[in-house]
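Taking it in order: structure first as structure tokens, then the write-up.
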Amino acid sequence: MRVDVQMVSISVADARALVPEFQTRQKANAAWARLQEMIAQGQAELLAWPVVWLRTGNDRGSSEGCLEDRHPTEYTPPMIPQTISTDLPPHPVWGSNTPTAFETRNTGAMLDVTAVKAAGDGTEVDLAIVSEFSRRIRTHEWRIQRSPLGVEGVATQPDFQTSKVDTSLWLHRDEPSLIGVFLQSEPAPHVELHILHARVMHLPPGALNSPAK
């Protein structure tokens, strides 16, 4: 079985037209074809497209395409200089908070799939899916209160945006299934879609265990 999720960013106006079509089985294939045209023409952004190959019968697979984002989480405030000079202003302002602890967060796409079972003829499959896309959208500053001598500390923290689906479902093979719709306000108003395809291929008994010739 081949399972993939296409993660796409489109405008709010386009989402209003496409989402109802994806939710109607008779129109889903046409909506999928239209979305591919939009990606090719630059009208939609392909964020990620993870793919997992696995066998049916509680077989599990995952795919990740991540960038590690390391950022500070704890700080010590700026210290008053130990050396006093007549050249210093009466109320100096200098220095930043010093990072003392860091955290690493993965940004990008992740797909985790468990193929529970398939119908006898393979037309329908039962899947447990976790589909996730995360990215840093901005970094903001915050400041501590000034000391009596005017010492002020500055710290920065990132803001992340995550779209995640965690579900189990029966679906028809070789048909696009819209499993996630996320309205996001940054970096500009847009809608993120997660669209799943499952393709089942029948192999002769023992084919996966046969030694290569």
request  = For side-chain contact (heavy atoms from CB on, under 4.5 Å), just list the numbers for Leu178 and Leu18, CA-CA rounded to whole Å, side-chain angles, deciding distance to a tenth of an Å, and then say yes or no.
outcome  = CA-CA 10 Å; Leu178 181 64; Leu18 278 177; over 6 Å; no
query = Under a single-linkage definition using a 4.5 Å side-chain heavy-atom cutoff for Ile, Leu, Val, Met, Phe, Trp and Tyr, are Met38 and Val19 assigned to the same hydrophobic cluster?
reply = yes
query = Can Gln184 and Ser163 be said to form a side-chain contact (heavy atoms from CB on, under 4.5 Å), step by step?
reply = CA-CA 9 Å; Gln184 308 287 13; Ser163 305; 3.0 Å; yes
ask   = If you look at every heavy atom in Leu35 and Ala44, which pair is closest and at what distance?
value = CD1-CB, 4.3 Å
ask   = For the atom pair CD (Glu64) and CG (Leu111), what is the distance rounded to the nearest 0.5 Å?
value = 10.0 Å
ask   = Does atom CD of Glu37 have more than 12 heavy-atom neighbours from other groups under 6.0 Å away?
value = yes
query = Would Val181 and Phe22 satisfy side-chain contact (heavy atoms from CB on, under 4.5 Å), going step by step from the backbone distance to the final call?
reply = CA-CA 11 Å; Val181 181; Phe22 271 112; over 6 Å; no
query = Are Arg135 and Leu47 side-chain neighbours, meaning at least one heavy-atom pair lies under 4.5 Å?
reply = yes
ask   = Do Phe182 and His194 have ring centres separated by under 6.0 Å?
value = yes
request  = Look only at the side chain of Ser131 and the backbone of Val165, and say whether a donor-acceptor pair between them is shorter than 3.5 Å.
outcome  = no
remark   = What one should report as the nearest heavy-atom pair of Gly61 and Leu54 is N-CD1, 4.0 Å
Within one Ile-Leu-Val-Met-Phe-Trp-Tyr cluster: Ile10 and Val12, side-chain cutoff 4.5 Å = yes
inquiry  = Let me confirm one number: the CD1-CD distance from Ile195 to Glu175, rounded to the nearest 0.5 Å.
reply    = 14.0 Å
Separation of Ser177 OG from Leu169 CG (nearest 0.5 Å) = 6.5 Å
ask   = Just wondering, are more than 12 heavy atoms of other shown residues or ligands nearer than 6.0 Å to CZ in Arg60?
value = no
query = How far apart are the closest heavy atoms of Ala115 and Leu127, and which atoms are they?
reply = CA-CD2, 3.7 Å
task = Look up atom CG in Leu193 and atom CD1 in Ile179, then write down how far apart they are to the nearest 0.5 Å.
result = 11.0 Å
query = Between Val52 and Ile129, is there a shared hydrophobic cluster once you connect ILVMFWY residues whose side-chain heavy atoms come closer than 4.5 Å?
reply = yes
ask   = Arg136 and Asp159: side-chain contact (heavy atoms from CB on, under 4.5 Å), yes or no, with the steps?
value = CA-CA 6 Å; Arg136 180 194 281 217; Asp159 287 337; over 6 Å; no
request  = Could you tell me whether the side chain of Val113 reaches within less than 4.5 Å of the side chain of Met1, counting heavy atoms only?
outcome  = no
request  = Mind listing the closest non-hydrogen atom pair of Cys66 and Ala109 along with its distance?
outcome  = SG-O, 3.9 Å
ask   = Would you call His172 and Arg25 a side-chain contact if the rule is heavy atoms closer than 4.5 Å?
value = yes
inquiry  = If I take atom CD from residue Glu132 and atom OG1 from residue Thr107, how far apart are they, to the nearest 0.5 angstrom?
reply    = 10.5 Å
note = Smallest heavy-atom separation, Ala15 atom then Pro20 atom, equals O-CD, 3.9 Å
key: Rounded distance (nearest 0.5 Å) linking atom CD of Gln43 with atom CZ of Arg34   = 5.0 Å
ask   = Quick one: are Ser134 and Arg105 in side-chain contact, heavy atoms under 4.5 Å?
value = yes
query = Should Val8 and Val191 be counted in the same cluster of Ile, Leu, Val, Met, Phe, Trp and Tyr side chains packed under 4.5 Å apart?
reply = yes
task = Taking all non-hydrogen atoms of both residues into account, name the closest pair between Ser168 and Ala128 and its distance.
result = OG-CB, 3.6 Å
task = Enumerate the residue pairs fulfilling ring-ring contact (aromatic ring centres under 6.0 Å, His included) with a member in residues 47-69, sequence neighbours excluded, ordered by first and then second residue.
result = none
ask   = Is Glu68 close to Asn106 at the side-chain level, that is, under 4.5 Å between some pair of heavy atoms?
value = yes
ask   = When clusters are formed from ILVMFWY side-chain contacts under 4.5 Å, directly or step by step, what else is grouped with Ile137?
value = none
Charged N-O contact under 4.0 Å between Asp4 and Arg199 = yes
